[in-house]
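Structure first, commentary second.
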Protein chains: 2
Amino acid sequence: MDQIKPRKAFASAKQVAELAGVSRSAVSRTFTPGASVSDETRQRVIQASEKLGYHVNHLARGLLRKSTGIVCLIVADSDTPYMSRMVRTLARHLQEAGKVAMVIDTTGPSENVEHALRQTLNYRADATVVLSGTPAHSIIRTCLDNGQRLILINRDDRLAGPYNLSLDNRLAGRTAFEAFMKAGCRRLAVVTSDAGTPSLLAREEAYVETARKAGMTVAVARNGRTSYEAGAAGARALLAGPDRPDAAFCVTDLIACGFMDAARHEFGLSVPDELSVIGFDDIEQASWLSYRLTSFSPPVEELAAAVVDLATMGEAAAEDAPSSRFLEASLVWRDTVRENGA
Amino acid sequence: MDQIKPRKAFASAKQVAELAGVSRSAVSRTFTPGASVSDETRQRVIQASEKLGYHVNHLARGLLRKSTGIVCLIVADSDTPYMSRMVRTLARHLQEAGKVAMVIDTTGPSENVEHALRQTLNYRADATVVLSGTPAHSIIRTCLDNGQRLILINRDDRLAGPYNLSLDNRLAGRTAFEAFMKAGCRRLAVVTSDAGTPSLLAREEAYVETARKAGMTVAVARNGRTSYEAGAAGARALLAGPDRPDAAFCVTDLIACGFMDAARHEFGLSVPDELSVIGFDDIEQASWLSYRLTSFSPPVEELAAAVVDLATMGEAAAEDAPSSRFLEASLVWRDTVRENGA
DNA sequence: ATCAGTGTTGCACAGGTGTGCAATCGCGGC
DNA sequence: GCCGCGATTGCACACCTGTGCAACACTGAT
């Protein structure tokens, strides 16, 4: 039961070399693709390293090479289905490309964030991906000053150094407006949070501006952090009054779920007959039978692929890469916008 | 616009030492708590390193020390709200303890898993946390053979080497049965997946066995992988027949959501009046207005704290630590079990 | 037999850090 | 003035790997 655990230390290339009766260089070359080793020594090295359980030490390798294979993911609002899908998808794509993801959660006191960010620098990550909507600019400066390759996702602040990968949030705002128009809705609302995330603001503003140009006004509900509760609170604010809206653009699916639930269970409204709803993110819950939410679906796979491209790019190619790129979120039609009942 | 990016390389301790006019050792000692440095040199070192943007290279440090500060998280079913909460909570706790989380997603072809696991070894992680329910035993063997400290979460295979942290799944199964009994339900069912995860099996078996001892039979629905769809499929299998159950224990909240949605929207049943439901995991959706699901809530924070303890423990303490520990999931009462209508 | 050419191999250095050991410095006590 | 003592500092080694360079072996052609 209490068997002896020798806590076998990791084997080094030197030990493998001795067991195989070759030089340490031969071991190194065996595990370096394209290096010059004879078949015979390669076999002996492989045999020896399996016997000893040898695994190349990436820490030491990272010292020599310019690349450590580590990519850092800085994430906030990680309690969101959208964010966890992003993290998961990125991690998978990265490891398929031979990299490995190090995740740093910045949800919480910002003192920790500062500390956590030093980790990025400490481990000499090949690149840092910022998924967080609103980390302090100082963080980004620090990374940039240290020559870190930085990839910003869905942030609308345009800086010179980093690469920016964004969704076309303004297009989504306009499209949502047009969809409601076609459905014959006339009393518009938008439900959002007071987080002030640039991408959420862009969706909201484009929607409101387009409506204003068409001579319409939009009721705005802005409550708490970006969450299910924000949507429920928005419903309570918007639906209690006399002339309640008949269409609501929720800047996030999570908000949309909270909004719909409160509308149905607390106000007894029927979606989409009395109230049309459009969300954004196309989270898994959007397709659940209770919601069947019409929503904008961000091209997560494409996004992840683009990140991997940027993260694995050589120094030379990095110079030429465009520093900012927009991807389009397509509207997925389900059952929360009423049929053309003009 | 196209400003020059010098791609400033990282500063080394040597450069800091030169700028500060001290030896490299002094720099090293400045960043090593408890080392002997005079206040004056410490100040000069700190000033110089801020000027150069110096950050200790943890890769090099990891070569010398026994600890690299990296903890590896091996996760499957990461598209589950429960799993992403686990990962997020663990990452946060770890970084509060000065560690950093490296996540490896094993959802996908197992060839990748093997490759990804080598990463764990390659980076000399201080510990590896296995959150995945069903990875091959070979993986665990490999880790163990290389002296990796292994922490298994909610796996019911008891091995000698690793530490096991489990929920009391059998207790939950029994408790669910008793709750249904008290509510006056008599036609029991259990809804699960065919994933064969040990922890899910334990919940199911304890529930079924307890019922059998009480002289009752249980209808079982077992469909697909552990997901929302599994629950919906379970509902279609169980509720179409003549004497449908009036109580269903869903081994996962996700399954419960799918089950409830199909029951309501496809069979027009009312929960909890005609059908009582209990889930497990207490995911965020369980508290949404559309579900208000009675569910077992695992002590996620406590679990994470225990993991951090095990991961940061010194070599000596590790010898004495108990190799296996059970935590209890408490039942959170909401609105999916009918009131005592005996 | 000589030579050019090709494929392998080993040496030695570099990369950035922590730390034991010895040396140095300053200071108080005799 | 000398000695003991504690605090500080620098040297040099260790950790583990990748790779340029030179040496070597071997083949085939002249």
Side-chain angles (χ1 to χ4, degrees), chain A residues 8-46 48-49 52-70 118-119 121-126 146-147, chain B residues 8-46 48-49 52-70 118-119 121-126 146-147:
Chain A
K8 198 202 298 186
F10 284 95
S12 75
K14 192 177 166 191
Q15 301 173 27
V16 175
E18 280 169 9
L19 179 59
V22 298
S23 83
R24 200 186 49 73
S25 308
V27 179
S28 180
R29 286 191 242 266
T30 299
F31 294 103
T32 306
S36 165
V37 208
S38 73
D39 265 351
E40 190 201 334
T41 50
R42 160 172 287 125
Q43 289 310 324
R44 289 172 59 183
V45 167
I46 288 180
S49 48
L52 264 54
Y54 172 69
H55 295 260
V56 180
N57 187 333
H58 276 34
L59 302 184
R61 168 181 281 182
L63 272 187
L64 268 319
R65 294 197 177 161
K66 43 267 146 207
S67 161
T68 58
I70 298 175
R118 294 182 68 97
Q119 299 282 22
L121 275 359
N122 285 137
Y123 286 101
R124 305 294 192 259
D126 292 343
N146 289 278
Chain B
K8 198 202 298 187
F10 284 93
S12 75
K14 193 177 165 191
Q15 301 172 27
V16 175
E18 280 169 9
L19 178 60
V22 297
S23 84
R24 197 185 51 72
S25 308
V27 179
S28 180
R29 286 191 241 266
T30 300
F31 294 102
T32 305
S36 163
V37 208
S38 73
D39 265 351
E40 190 202 333
T41 49
R42 161 174 286 125
Q43 289 310 323
R44 289 171 61 184
V45 167
I46 288 181
S49 49
L52 264 53
Y54 172 69
H55 296 259
V56 180
N57 188 332
H58 275 35
L59 302 184
R61 169 181 280 181
L63 274 186
L64 269 318
R65 293 194 175 162
K66 45 266 150 211
S67 160
T68 58
I70 298 175
R118 294 182 67 99
Q119 299 281 22
L121 276 359
N122 286 137
Y123 286 100
R124 305 296 194 258
D126 291 343
N146 288 278

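Chain A is the first sequence line, chain B the second, and so forth, proteins listed ahead of strands; every chain is numbered from 1. These numbers come from a predicted model, not from an experiment.
Within residues 14-24 of chain B, the residues that place at least one heavy atom under 4.0 Å from DNA chain C are, in residue-number order, B:R24. Contacts with DNA chain D (heavy atom under 4.0 Å) in residues 28-44 of chain A: A:S28, A:R29, A:T32, listed by number.
Of the possible polar contacts, none joining the A:R24 side chain to the A:K14 backbone as a donor-acceptor pair under 3.5 Å is found. Counting only distance, with no hydrogens or angles, the side chain of A:R29 and the backbone of A:A35 share no donor-acceptor pair below 3.5 Å.
Distance OH/B:Y123 to NE2/A:H55: 14.0 Å, rounded to 0.5 Å. Separating the NE2 atom in B:H58 from the CZ atom in A:R124 is a distance of 9.5 Å, to the nearest 0.5 Å. Put simply, CG on B:D126 and CZ on B:R65 are 11.0 Å apart, with the number rounded to the nearest 0.5 Å. If you take OG on B:S38 and CZ on B:R44, they are separated by 9.0 Å, rounding to the nearest 0.5 Å.
The CZ-C1' distance, from B:F10 to C:dT17, rounds to 16 Å in whole Å. The interatomic distance linking B:N57 (CG) with C:dG18 (P) rounds to 9 Å, in whole Å. When rounded to the nearest whole Å, the span between CG of B:L59 and P of C:dT17 equals 10 Å. Protein atom CG of B:L64 is 4 Å distant from nucleotide atom C1' of C:dG18, rounded to whole Å.
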I would like to know whether A:L63 and B:N57 meet side-chain contact (heavy atoms from CB on, under 4.5 Å); could you show each step before the answer? CA-CA 9 Å; A:L63 272 187; B:N57 188 332; 3.8 Å; yes
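Closest approach of B:V45 and B:V27 over heavy atoms only: CG1-CA, 4.0 Å. Shown here for A:V37 and A:T30, the closest heavy-atom pair between the two residues is CG2-N, 4.0 Å.
Where DNA chain D meets chain B (any atom under 4.0 Å from a heavy atom), the bounding nucleotides read 5' to 3' are D:dT8 to D:dC16.
The aromatic rings of B:Y54 and B:F31 are tilted relative to each other, their planes meeting at an angle between 30° and 60°.
The side chain of A:Y123 places no N or O atom within less than 4.0 Å of a non-bridging phosphate oxygen (OP1 or OP2) of C:dG16.
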